[in-house]
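In what follows, a single structure is set out as structure tokens and then discussed.
Side chains included, hydrogens not; waters and symmetry mates left out as well; all remaining heavy atoms used.
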Amino acid sequence: DIDDVGHKYYLELELEDVLDKGRTVSCTAEVLYHLGSKSSAPDVQATVQGELRSTQEADQEFYNRIRSLEKELVAENIPDSHGNVPPELEPIHLLAWAASGYVIWQNSTENTKFHLAQVKHVKQVKRTDEDLQFDYVLLLHEMVSQEVAPWEVTVLWHPQRGARV
């Protein structure tokens, strides 16, 4: 649909539960790209049919493990050149995935199709408050132009507050 505000797209998706690889849930979404505005992100209204598994216990385990590290976590090339993500870095990869979603949402147009290709580098930054901070260099693949561009992204995360990009 095109109306006086912008272009609307209606999507029906199957989402894979990242913690339960064989399980999917249905999702419907309405995406509105504003006319004439290249600087504003599209408006998205989404509805999930079904329930995703709770991550509360896994989140708290990850949080406690990272908080107890003597040295800040540093990692590169997630996934590696064979597509493997070490199990201990899976939460770091999932946070990068969430952060890339925010970057993609903020920078998408009707003519782009971004995809997180790789976490090139991630470094934990020690903080005095309760949040965990990770500074990422993400490689985003723009499928239409075939460009791979690095994005520097900082993620603050706490199990009760979620991620802030």
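Note that the CG atom of L132 and the CG atom of L73 stand 10.0 Å from one another [nearest 0.5 Å]. Remark: H158 NE2 to R67 CZ distance equals 7.5 Å, nearest 0.5 Å. Going from atom CG of L139 over to atom NE2 of H115 covers 11.0 Å, rounded to the nearest 0.5 Å. Atom CG in N64 sits 11.0 Å away from atom CG in D59 (nearest 0.5 Å). In this structure, CG on N77 lies 11.0 Å from CG on L89, to the nearest 0.5 angstrom. Here the CD1-CZ distance, from I92 to F134, works out to 4.0 Å after rounding to the nearest 0.5 Å.
Closest non-hydrogen pair, L32 versus K8, comes out as CD1-CG, 3.7 Å. Heavy-atom minimum distance, I78 versus V122: CD1-CG1, 4.3 Å. Taking each heavy atom of Q118 and P79 in turn, the nearest pair found is NE2-O, 2.8 Å. Shown here for H141 and A117, the closest heavy-atom pair between the two residues is CB-CB, 4.2 Å. Of all heavy-atom pairs spanning A96 and L138, the tightest one is CB-CD2, 3.7 Å. The two atoms that bring E12 and T28 nearest to each other are CG-CG2, 3.9 Å, heavy atoms only.
Residue pairs meeting the salt bridge (Lys or Arg N to Asp or Glu O under 4.0 Å) criterion with at least one member in residues 141-165, sequence neighbours excluded: D131-R161, D131-R164.
More than 12 heavy atoms of other residues, nucleotides or ligands sit less than 6.0 Å from atom CD of Q49. Other residues, nucleotides and ligands place no more than 12 heavy atoms under 6.0 Å from the CD atom of E130. Crowding of E57 atom CD: a count of heavy atoms from other residues, nucleotides or ligands under 6.0 Å not exceeding 12. For CD of Q160, the number of neighbouring non-hydrogen atoms (other residues, nucleotides, ligands) closer than 6.0 Å is greater than 12. K113 NZ: 12 or fewer foreign heavy atoms inside a 6.0 Å radius. Heavy-atom contacts from other residues, nucleotides or ligands closer than 6.0 Å to NZ of K126 number more than 12.
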(request) Check the pair F62 / W157 against ring pair (Phe, Tyr, Trp, His ring centres under 6.0 Å), numbers first and verdict last. (result) CA-CA 11 Å; F62 169 67; W157 182 80; 5.5 Å; yes
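Side-chain contact check for Q45 and D43: no donor-acceptor pair (N or O, by modelled atom type) lies under 3.5 Å.
In this structure, Q146 contributes its side chain and M143 its backbone to a donor-acceptor pair below 3.5 Å. Checked by atom type and distance alone, the side chain of R65 pairs as donor or acceptor with a backbone atom of E88 at under 3.5 Å. Side-chain atoms of T112 never come within 3.5 Å of backbone atoms of S108 as a donor-acceptor pair (strictly under, hydrogens ignored).
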